[in-house]
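Quick notes on the structure that follows.
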Amino acid sequence: MLAHVEKKEKIIDFIRKNKLEVGDRFPAESEFSKILGISRLTLREAINALKNEGLINSIQGKGTFLSNNIDNIANTLNNNLGISEMIISSGYKPGVSHFEKKLVKADKDIAKKIRVDEGADLLMLKRIRTADDKPVVYSMDYLAPKVSAQFLGITDENMSIYGVL
């Protein structure tokens, strides 16, 4: 299991065991890290991930609070979904408000991340993804030569890269 998923699940377990409800405050960081048996740095990473998912909210000087019902998110932590699938699973219609497709050369950082040679030809897809016509995600995907050929002829800007792969 991925480490960040495990950290988030420890917090989800804490919420369930303590029957926390929306608006309830979490223990102070030092105490909470001891309760969960993780470092404060690890706790911060897990909390930030859950903040990004809308489950937790922090108010400076006041604390960290449960801001959403865990049943809205807890059962999805082990799912590996593409953006379209996440939008659909949240009850919205996925779409695209901006679409750009072009061939680019892999710079040093991208080459290292996707394990291709620097200067390799890549297909880059830039999209602003929408949920019920509201922008929710800006994505910039780089496709390696061995998979980019599948996408060169695709003109459907709403297609799911994840689904095709």
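As the structure is a computational prediction, the values presented were derived from the model and not from experiment.
- I35 and F26 fall within a single hydrophobic cluster, where Ile, Leu, Val, Met, Phe, Trp and Tyr side chains are chained together by heavy-atom contacts under 4.5 Å.
- Annotation for A106 and D117: closest pair CB-O, 3.9 Å, computed over non-hydrogen atoms.
- Residue Y92 comes nearest to A131 through the heavy atom pair CB-CB, 3.7 Å, listed as atom of the first residue, atom of the second, then distance.
- Interatomic distance, K108 NZ to I110 CD1, rounded to the nearest 0.5 Å: 13.5 Å.
- A search for salt bridge (charged side-chain N to carboxylate O under 4.0 Å, His left out) contacts involving E29 returns R40, R44, not counting sequence neighbours.
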task = In sequence, state the C-alpha distance, the side-chain angles, and the governing distance for D141 and M124, and then conclude on side-chain contact (heavy atoms from CB on, under 4.5 Å).
result = CA-CA 6 Å; D141 300 296; M124 181 186 63; over 6 Å; no
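- Atom-to-atom distance recorded for F32:CZ and R25:CZ is 11.5 Å, nearest 0.5 angstrom.
- Taking 4.5 Å as the limit, every side-chain heavy atom of V22 sits out of range of all side-chain heavy atoms of S67.
- Across all their heavy atoms, D24 and K19 have their closest contact at OD2-O, 4.3 Å.
- Under the 4.5 Å side-chain heavy-atom criterion for ILVMFWY residues, a single connected hydrophobic cluster contains both L55 and L36.
- The distance from the CG atom of L66 to the CD1 atom of I56 is 7.0 Å, given to the nearest 0.5 Å.
- Listed by chain and residue number, I59, F65 satisfy the side chain to side chain contact (heavy atoms under 4.5 Å, CB included) test with K62 (two or more places apart in sequence, or in another chain).
- Qualifying salt bridge (charged side-chain N to carboxylate O under 4.0 Å, His left out) partners for K102, counting only residues two or more places apart in sequence or in other chains: E100.
- Taking both residues in full, the closest heavy atoms of K7 and A46 are given as CB-CB, 3.6 Å, listed atom of the first, atom of the second, then distance.
- Under the 4.5 Å side-chain contact rule for hydrophobic residues, L122 and L125 do not share a cluster.
- Applying the side-chain hydrogen bond (donor to acceptor under 3.5 Å, both in side chains) criterion to T130, with sequence neighbours excluded, gives no partner residue.
- In terms of heavy-atom proximity, E118 sits nearest to D107 at CG-C, 4.1 Å.
- A distance of 11.0 Å separates CD1 of I47 from OG1 of T42, quoted to the nearest 0.5 Å.
- Rounding to the nearest 0.5 angstrom, the gap separating the NZ atom in K8 from the CG atom in N48 is 11.5 Å.
- Put simply, OG on S97 and CZ on R127 are 11.0 Å apart, with the number rounded to the nearest 0.5 Å.
- Every side chain to side chain contact (heavy atoms under 4.5 Å, CB included) that K105 has, sequence neighbours left out, goes to D121.
- In terms of hydrophobic clustering, with Ile, Leu, Val, Met, Phe, Trp and Tyr side chains grouped at heavy-atom distances under 4.5 Å, F14 and I12 are assigned to a common cluster.
- Counting heavy-atom neighbours within 6.0 Å of K93 NZ, excluding the residue itself, gives a total of 12 or less.
- Listed by chain and number, the residues in a ring-ring contact (aromatic ring centres under 6.0 Å, His included) with Y142 amount to none (sequence neighbours excluded).
- Linking Ile, Leu, Val, Met, Phe, Trp and Tyr whenever their side-chain heavy atoms come within less than 4.5 Å leaves I83 and M140 in two separate clusters.
- Inter-residue side-chain proximity for L43 and I11 is flagged as met; some heavy-atom pair is nearer than 4.5 Å.
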